[in-house]
Amino acid sequence: MAMASTRVVLPPRNSLCGAEAAPLASLSPRQRTRRGLSLLRERCAAVTMSASPIPQMDLQVRASKKLDVPIMVNSSSGKMGKAVIKAAESAGLDIIPMSFGSAEEAGKSVEVCGKEIKVHGPSDRESVLASVFGEHPNMIVVDYTVPDAVNSNAELYCNVGVPFVMGTTGGDRDQLYKTVRDSNLYAVISPQMGKQVVAFLAAMEIMAEQFPGAFSGYSLKVMESHQSSKLDTSGTAKAVISCFKKLGVSFDMDQIQMIRDPQQQMEMVGVPEEYLPGHAFHLYHLASPDETVSFEFQHNVCGRSIYAEGTVDAVLFLAKKIQQKADQHIYNMIDVLREGSMR
């Protein structure tokens with residue numbers, strides 16, 4: 001059994017990078033945000049850990065544990081797809097060595113976790129999926145493609161009858177749900193797969209349900225920053241804004257400030273340079289009509305592991321529901337969280 005010890009050393013509360021920090025009251029909201037991020041990084045850098053090595057036999061036993069839940073990840077050539085495959089492999093899921101991609105990727109292979117995954121283009125995907133489903137009747141598809149493919153991919157999965165986890169944002173969401181309902185297929189659909197962020201969203205929904213109108217008259221400013229390759233507005237931001245609207249805030253979705261320029265992300269938002277290719281920073285600022293009262297909600301994610309782990313949880317949750325022949329067929333990540341299906 002591996003034994004680990006952790007020692008956390010925190011800098012003095014009033015210190016910031018070794019310099020005397022200015023009073024928070026004298027700073028603007030943006031400066032306070034950057035101050036907090038800097039302090040957080042400084043404190044994280046002060047954490048030291050030591051662990052004794054895990055015996056080789058334990059590693060072999062863990063590596064031999066495979067769950068009878070085959071998954072096919074679309075698209076495996078993308079960064080999110082690769083992250084999911086790595087997390088699924090670590091969890092002992094069976095990775096099907098096939099994936100769907102663009103016409104330009106058709107016929108190519110992608111190596112992830114030592115596995116060669118063949119990429120199929122749009123032209124033959126229905127016949128390929130039907131064939132794979134015939135070989136793996138308990139398989140689940142994981143979708144991390146592009147917004148424009150959300151609805152056509154869902155139609156494909158429903159036509160063949162393959163349960164799926166949809167982590168891709170965008171598309172016509174009303175049509176997406178209608179397609180799945182009409183097919184009576186099992187699916188987990190969520191714009192946010194991060195466990196802790198899902199818990200925050202659940203708390204926001206509870207507050208909105210129990211205290212409607214609590215923020216009536218308040219103004220709202222929303223800023224979200226993601227890697228430049230993300231084409232659509234944050235689905236998480238939209239979900240949080242929907243809760244604020246139930247709380248009485250007037251806000252139009254096109255007022256969301258999207259930051260996609262890397263220079264602005266570093267200078268304005270405080271994104272560490274190494275995480276420019278993969279991050280999700282959100283800031284919600286509420287102010288009373290006379291601006292004497294303000295609230296800020298912030299959640300920042302660097303990297304993709306939080307989403308990959310949540311996706312694996314969703315796959316295991318869905319496999320369980322299918323096995324139980326549950327009456328409910330469409331789920332989201334809050335359902336997964338409420339079930340206690342987080343590893």
Side-chain angles (χ1 to χ4, degrees), residues 62-150 152-170 185-190 193 227 229-231 277-278 303-319 322 343:
R62 290 185 187 185
S64 67
K65 288 184 178 179
K66 286 288 181 182
L67 301 176
D68 188 22
V69 184
I71 68 167
M72 177 179 179
V73 180
N74 299 325
S75 74
S76 60
S77 60
K79 293 177 180 177
M80 194 62 233
K82 290 178 180 178
V84 170
I85 291 173
K86 291 177 182 178
E89 175 75 11
S90 297
L93 300 183
D94 183 15
I95 310 298
I96 296 173
M98 290 189 185
S99 179
F100 294 144
S102 64
E104 293 74 21
E105 297 173 309
K108 297 181 181 179
S109 293
V110 180
E111 184 175 342
V112 186
C113 296
K115 296 181 180 294
E116 287 289 332
I117 299 175
K118 186 176 180 181
V119 180
H120 292 267
S123 60
D124 61 345
R125 61 183 193 159
E126 185 161 354
S127 60
V128 169
L129 184 60
S131 175
V132 174
F133 189 38
E135 296 177 17
H136 305 278
N138 60 333
M139 70 178 283
I140 292 175
V141 172
V142 173
D143 191 294
Y144 276 105
T145 53
V146 293
D148 289 345
V150 165
S152 60
N153 284 354
E155 289 172 5
L156 169 67
Y157 307 147
C158 291
N159 289 340
V160 178
V162 184
F164 66 92
V165 173
M166 177 66 74
T168 312
T169 59
L185 193 69
Y186 284 99
V188 173
I189 302 172
S190 180
M193 291 289 178
Q227 59 276 4
S229 59
K230 181 173 175 59
L231 305 177
R304 296 178 172 84
S305 61
I306 185 175
Y307 309 120
E309 291 293 335
T311 301
V312 171
D313 289 333
V315 169
L316 295 174
F317 167 87
L318 192 61
I322 295 169
R343 293 169 295 117

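- Residues Lys82 and Ser77 share a closest heavy-atom pair of CE-O, 3.5 Å.
- Met193 approaches Gly167 most closely through the heavy-atom pair CE-CA, 3.8 Å.
- Between Val128 and Phe100 there is a side-chain heavy-atom pair separated by less than 4.5 Å.
- The two atoms that bring Pro147 and Gly170 nearest to each other are CB-CA, 4.0 Å, heavy atoms only.
- Closest approach of Ala187 and Leu318 over heavy atoms only: N-CD1, 3.8 Å.
- If you check the side chains of Glu104 and Ser102, you find a donor sitting under 3.5 Å from an acceptor.
- For Ala83, the side chain to side chain contact (heavy atoms under 4.5 Å, CB included) test picks out Met80, Arg304, Ala308, with sequence neighbours left out.
- Atom CE of Met98 sits about 4.5 Å away from atom NE2 of His120, to the nearest 0.5 Å.
- Using a 30° and 60° split on the angle between ring planes, Phe164 and Tyr157 fall in the tilted class, from 30° to 60°.
- Interatomic distance, Ser90 OG to Ile85 CD1, rounded to the nearest 0.5 Å: 12.0 Å.
- Glu105 is not listed as a side-chain neighbour of Val110, based on a closest heavy-atom distance of 4.5 Å or more.
- Two residues are said to be in side-chain contact when any heavy atoms from C-beta on lie closer than 4.5 Å; Lys115 and Glu89 meet this criterion.
- When side chains are defined from C-beta on, Arg125 does not count as touching Val160, because their heavy atoms never get closer than 4.5 Å.
- Looking at Asn74, Thr168, Thr311 one by one, the single match for side chain to side chain donor-acceptor pair (under 3.5 Å) with Tyr144 turns out to be Thr311.
- Nearest approach of Ser99 to Ser75, heavy atoms of both residues: OG-CA, 3.7 Å.
- Counting heavy atoms from C-beta on, the side chains of Asp148 and Leu231 never come closer than 4.5 Å.
- Heavy-atom minimum distance, Glu116 versus Ser109: OE1-CB, 3.3 Å.
- Residues Val142 and Val315 are in side-chain contact: their nearest non-hydrogen atoms beyond the backbone lie under 4.5 Å apart.
- One distance of note links CG of Leu129 with CG of Leu156; it measures 5.0 Å at 0.5 Å rounding.
- Atom CD1 of Ile71 sits about 4.0 Å away from atom CD1 of Ile95, to the nearest 0.5 Å.
- In this structure, the side chains of Glu135 and Ser131 come closer than 4.5 Å at one or more pairs of heavy atoms.
- To the nearest 0.5 Å, the span separating CD on Glu111 from CD1 on Ile117 amounts to 9.5 Å.
- A distance of 3.0 Å separates NZ of Lys230 from OG1 of Thr169, quoted to the nearest 0.5 Å.
- When each of Val162, Val73, Ile96 is paired with Val141, the side-chain contact (heavy atoms from CB on, under 4.5 Å) condition holds for Val162 and for no other.
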